[in-house]
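This report refers to the structure that appears directly beneath it.
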Amino acid sequence: MTTGSTAHLLLVEDEPKVATFIKKGLQTQAYTVEVALTGELGKELFNKTAFDLIILDVNLPDISGLDVAEYIRQQNRRVPILMLTALDTTADKLLGFEAGADDYLAKPFDFLELVARVKALLRRAGTTEEADRVLRVADLELDLHERVARRQGQTIELTAREFALLEYLMRNAGRVVSRVDIAEQVWDIGFDTGTNVIDVYVSYLRAKIDKDYPTKLIHTLIGMGYVLKEK
């Protein structure tokens with residue numbers, strides 16, 4: 001992972017003017033950027049080069065950006081994926097996160113916000129590499145290198161967004177975190193009171209982490225937020 005301004009980025013965007021604008025803007029930040037105008041070309045470039053971050057449009061002319069994200073995730077569980085799309089409903093965002101996206105930016109967007117999202121994702125990825133390999137709470141462990149969770153030795157498959165949420169909860173084990181905290185630290189966005197996406201993902205995690213085990217680890221404190229603890 002290359003942290004800092006020398007990171008190598010792949011931009012998959014089918015609109016040439018938009019792609020040129022984003023590429024030139026990111027180059028002013030000293031990033032190296034390669035552009036693919038189709039999903040298939042994006043997959044081809046991804047297979048040839050080790051990228052530090054993928055910026056991926058959802059609406060591509062040949063295959064869906066969601067399919068490209070799923071393909072990338074199958075090959076590499078760690079590279080951050082930032083999805084760009086004009087579709088910004090909660091359902092659309094959930095589809096993006098389920099496909100493997102780490103963050104989601106709706107078009108039209110402010111370029112400075114795009115840069116901030118890129119920096120945040122690169123920083124998080126770099127921090128993960130430098131951190132201890134495994135987080136543990138009770139019989140739950142999160143392997144930051146293999147990008148998988150295990151409980152009582154059983155592997156639990158997580159999407160990229162579920163993994164990021166669980167990592168945040170485990171790093172703050174025993175402390176109540178609000179929805180605002182989660183939105184800012186896991187989604188890198190200001191809290192939108194009109195969306196229930198955080199509650200949906202906590203439910204997803206509960207179904208995978210707690211449902212089949214007698215001791216529940218994820219707890220809701222009404223009006224306050226969530227806490228991960230043994231009791």
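Counting begins at 1 with the first residue of the sequence.
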At what distance, to the nearest 0.5 angstrom, does [atom1] of [X] lie from [atom2] of [Y]?
{"X": "I54", "Y": "L9", "atom1": "CD1", "atom2": "CG", "result": "8.5 Å"}
{"X": "L60", "Y": "D67", "atom1": "CG", "atom2": "CG", "result": "9.5 Å"}
{"X": "T38", "Y": "I63", "atom1": "OG1", "atom2": "CD1", "result": "7.5 Å"}
{"X": "K93", "Y": "L105", "atom1": "NZ", "atom2": "CG", "result": "9.5 Å"}
{"X": "D57", "Y": "S64", "atom1": "CG", "atom2": "OG", "result": "9.5 Å"}
{"X": "K216", "Y": "D210", "atom1": "NZ", "atom2": "CG", "result": "5.5 Å"}

Is [X] reaching over with its side chain to a backbone N or O of [Y], donor-acceptor style, under 3.5 angstrom?
{"X": "T20", "Y": "K17", "result": "no"}
{"X": "E113", "Y": "D110", "result": "no"}
{"X": "R206", "Y": "I218", "result": "yes"}
{"X": "K208", "Y": "E157", "result": "yes"}
{"X": "D139", "Y": "Q152", "result": "no"}

Any side-chain heavy-atom pair from [X] and [Y] closer than 4.5 angstrom?
{"X": "L10", "Y": "V79", "answer": "no"}
{"X": "V33", "Y": "I55", "answer": "no"}
{"X": "Y71", "Y": "E40", "answer": "no"}
{"X": "Y168", "Y": "I182", "answer": "yes"}
{"X": "V18", "Y": "L84", "answer": "no"}
{"X": "D14", "Y": "N59", "answer": "no"}
{"X": "L122", "Y": "Y31", "answer": "yes"}
{"X": "R136", "Y": "R150", "answer": "no"}

Task: Reference residue L205; test side chain to side chain contact (heavy atoms under 4.5 Å, CB included); the match among L165, L228, I156, L217 - done: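 Of L165, L228, I156, L217, side chain to side chain contact (heavy atoms under 4.5 Å, CB included) with L205 is met by L165 alone.
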
So which of L11, L66, V12 actually passes side chain to side chain contact (heavy atoms under 4.5 Å, CB included) with L56?
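Answer after filtering L11, L66, V12: V12.
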
ILVMFWY network linking [X] to [Y], side-chain heavy atoms under 4.5 angstrom:
{"X": "M170", "Y": "V227", "value": "no"}
{"X": "I81", "Y": "V148", "value": "no"}
{"X": "V176", "Y": "L166", "value": "no"}
{"X": "V118", "Y": "F109", "value": "yes"}
{"X": "V186", "Y": "L221", "value": "no"}

Do the side chains of [X] and [Y] get close enough for a salt bridge, i.e. N-O under 4.0 angstrom?
{"X": "K107", "Y": "E13", "result": "yes"}
{"X": "E70", "Y": "R73", "result": "no"}
{"X": "R151", "Y": "D212", "result": "no"}

Locate the shortest heavy-atom distance separating [X] from [Y]; write the atom from each residue and the value.
{"X": "A19", "Y": "L37", "result": "CB-CD2, 4.3 Å"}
{"X": "A160", "Y": "G100", "result": "CB-O, 3.4 Å"}
{"X": "T159", "Y": "F97", "result": "CB-O, 4.0 Å"}
{"X": "D62", "Y": "G39", "result": "OD1-N, 3.0 Å"}
{"X": "A36", "Y": "L45", "result": "CB-CD1, 3.9 Å"}

Geometric class of the H8/F51 ring pair [parallel <30°, tilted 30-60°, perpendicular >60°]: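 Tilted: the ring planes of F51 and H8 meet at 30° to 60°.
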
Tell me, with the steps shown, if L26 and F111 meet side-chain contact (heavy atoms from CB on, under 4.5 Å).
-> CA-CA 9 Å; L26 290 172; F111 181 74; 4.2 Å; yes

Applying ring pair (Phe, Tyr, Trp, His ring centres under 6.0 Å) as the test, list every pair that has at least one member in residues 202-230; sequence neighbours left out.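 Every pair satisfying ring pair (Phe, Tyr, Trp, His ring centres under 6.0 Å) with a residue in residues 202-230: Y201-Y204.
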
